[in-house]
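Single-structure report; data block below.
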Protein chains: 2
Amino acid sequence: MGLAGHEVVAAVLQVRAGSLQVMLWQRGKEPHAHRWSLPGGGLGDEEDVETSIRRQLAEKVDVRQLSHVEQLAVFSNPARVPGARVIATAFLGLVPSDIDPVVPSDTCWHPVDSLPPTAFDHEAICARARNRLAAKLSYTNLGFALAPPAFTISALRSLYSAALGYKVSATNLQRVLSRRGLLEPTGATAPPGPAGGRPAALFRFVSGEMRVTDPFAVLRPPSTRSLGP
Amino acid sequence: MGLAGHEVVAAVLQVRAGSLQVMLWQRGKEPHAHRWSLPGGGLGDEEDVETSIRRQLAEKVDVRQLSHVEQLAVFSNPARVPGARVIATAFLGLVPSDIDPVVPSDTCWHPVDSLPPTAFDHEAICARARNRLAAKLSYTNLGFALAPPAFTISALRSLYSAALGYKVSATNLQRVLSRRGLLEPTGATAPPGPAGGRPAALFRFVSGEMRVTDPFAVLRPPSTRSLGP
DNA sequence: GCAAAAGTGTTCCATTTACACCCATGC
DNA sequence: GCATGGGTGTAAATGGAACACTTTTGC
């Protein structure tokens with residue numbers, strides 16, 4: 001194993017059954033036996049932290065279809081884990097809602113709203129992940145990482161509502177994302193439900209790479225003429 | 001020294017002489033002799049990364065008056081430094097424009113626009129620091145960390161212009177910051193210059209702690225009545 | 001009085017929200 | 001036909017940008 005005293009962990013989030021959930025595994029041994037823990041582990045000699053967390057998620061829990069991975073922060077409190085000192089680089093990982101990864105028997109998903117007893121500082125890491133996701137949904141195209149390849153606007157609305165924690169209007173969601181050029185219609189439609197109703201058009205995200213779409217909320221650079229240096 | 005293979009470094013930024021500058025020291029020895037480097041060093045046994053970078057800045061370069069410190073990211077490319085592997089937690093540090101820290105003779109300030117040859121990945125870290133500062137000036141009260149205890153609006157305008165890299169209007173700057181409740185008049189005024197002119201009122205920032213002031217650019221929660229879950 | 005710098009009032013514009021209305025389908 | 005969900009048109013509100021105008025000083 002590579003660098004001693006350093007680990008990488010990830011809060012992998014997905015919207016499942018209408019709520020935002022995080023993947024946790026239950027520890028079998030001390031310390032913190034039976035508590036729930038984020039996946040992760042040591043850093044290899046030849047890998048950077050992002051490569052490492054992707055490898056470990058793929059090896060340990062078969063999460064290969066991450067639609068987005070980004071660094072959150074370093075957690076370095078000397079007492080964060082008992083025993084020899086370990087500092088952690090924490091990541092946010094996202095999985096589209098149509099994927100159901102095969103996970104080991106000690107691993108399952110938990111709503112971020114009601115976490116079971118967690119190990120170490122993993123609750124704080126989950127909270128950080130959640131906040132980062134909510135913030136970026138507002139000013140980037142990160143919705144692509146929660147959504148399947150094609151979706152109706154109302155399906156997208158549920159994803160955003162679950163991730164943000166409050167109801168989002170389908171009308172305005174479509175308008176905002178369309179005006180920013182993030183959505184395009186696939187041309188196909190979804191069949192209506194048993195109760196009838198107009199068939200919903202299917203959309204896709206134009207890009208699968210994260211991009212900032214609302215860079216300057218205020219204090220924009222002057223628009224037309226230069227005001228000088 | 002504490003944890004092997006891990007260091008903390010900081011891009012300390014300050015607006016000096018109308019431009020945004022970063023504090024760098026010139027390396028005397030290999031590797032990367034004569035190149036310019038960010039201050040930092042190893043992590044002690046009993047300190048977390050933020051405590052560590054604050055200690056090192058205070059010890060090595062007498063920067064005790066940091067108005068703001070925040071984590072940027074971990075830089076972990078296995079080849080980022082020659083020899084034994086070292087990963088770095090990078091910080092952004094800010095110093096108010098009225099402070100002139102005493103720095104060692106090998107250390108000086110450089111405009112972030114025209115950096116000298118830098119060591120390792122320190123140029124990328126500077127770029128990250130700069131971008132973070134510019135972004136947070138727009139949606140937080142972080143201006144307090146660049147400004148002296150009391151200042152005129154046009155002085156504040158220069159600070160924002162230097163940090164953002166483009167001209168900011170004094171009129172709108174005052175309006176935006178006042179509406180958000182970030183500024184308050186001290187009651188005093190600054191004397192006009194030799195050419196005359198109306199004396200400028202002095203202002204201060206209400207808070208010296210960073211706070212997000214513009215949390216939802218779009219996709220706000222519904223305003224009045226709840227739409228249900 | 002005049003120039004210079006500071007501050008305010010007003011208008012304009014972009015964007016988002018809210019809501020009413022129209023559309024397409026199953027029964 | 002009518003209930004049900006989907007989509008659009010449109011008005012209202014928000015908030016920032018631009019710019020003209022007033023205020024206060026030095027000379």
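All chains are named by letter (A, B, ...) in the order of the sequence lines, taking the proteins before the strands, and each is independently numbered beginning at 1.
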* Please state whether the phosphate of D/dG16, meaning OP1 or OP2, lies under 4.0 angstrom from any side-chain nitrogen or oxygen of B/R179. => yes
* Please indicate whether B/R128 has more than 12 foreign heavy atoms, meaning atoms of other residues, nucleotides or ligands, lying under 6.0 Å from its CZ. => no
* Is A/Q174 atom CD crowded by more than 12 heavy atoms from other residues, nucleotides or ligands, each under 6.0 Å away? -> yes
* For the pair made of CG in A/L156 and C1' in D/dG6, what is the distance, rounded to whole Å? -> 14 Å
* Check the distance between C/dT16's P and A/Y160's OH and give it to me in whole angstrom. => 13 Å
* Could you tell me whether A/A170 contacts a base, only the sugar-phosphate backbone, or nothing, with contacts defined as non-hydrogen atoms closer than 4.0 Å? => nothing
* Heavy-atom donor-acceptor pair, B/R175 side-chain to C/dG9 base, under 3.5 Å -> yes
* Asked: Counting any heavy atom closer than 4.0 Å, what does B/R180 reach on the DNA or RNA strands: base, sugar-phosphate only, or nothing?
  -> sugar-phosphate
* Asked: What integer distance in Å separates A/N172:CG from C/dA14:C1'?
  -> 15 Å
* Does any N or O donor sit under 3.5 Å from an N or O acceptor when you compare the side chain of A/R198 with the base of C/dG26? -> no
* Asked: Given D/dA17, C/dG7, C/dT25, which nucleotide is nearest the side-chain atoms of A/P199?
  -> C/dT25
* Structure fact -> Here the distance between atom C1' of D/dT23 and atom CD1 of B/I153, to the nearest Å, is 16 Å
* **Comparing B/D214 and B/T171 on DNA chain D - which has the more 5′ nearest nucleotide** => B/D214
* From C/dG7, D/dG7, C/dA6, pick the nucleotide closest to the side chain of A/A200? -> D/dG7
* Length of the CG-P vector between A/L182 and C/dT16, whole Å -> 11 Å
* **Earlier contact from the 5' end, DNA chain C, for B/V218 and B/T152** => B/T152
* Would you say A/S154 reaches D/dG6's phosphate, i.e. side-chain N/O to OP1/OP2 under 4.0 Å? -> yes
* Structure fact -> Separation of C/dT15 atom P from B/L219 atom CG, nearest Å, is 15 Å
* Asked: Ignoring hydrogens and geometry, is there a side-chain-to-backbone donor-acceptor pair from B/N141 to B/E209 under 3.5 Å?
  -> yes
* Asked: Any chance CZ of B/R35 has more than 12 other-residue heavy atoms, nucleotides or ligands included, within less than 6.0 Å?
  -> yes
* If you look at every strand shown and take non-hydrogen atoms under 4.0 Å, does B/R220 touch a base, only sugar-phosphate, or nothing? -> sugar-phosphate
* Heavy-atom neighbours of A/E123 CD exceed 12 at 6.0 Å -> no
* Let me know the distance between CG of A/L173 and P of C/dT17, rounded to the nearest Å. => 10 Å
* To do: Can you tell me the distance, in whole Å, between the CG atom of A/L202 and the P atom of D/dG7?
  => 9 Å
* Between A/Q174 and D/dG7, is there a side-chain N or O to OP1/OP2 distance below 4.0 Å? -> no
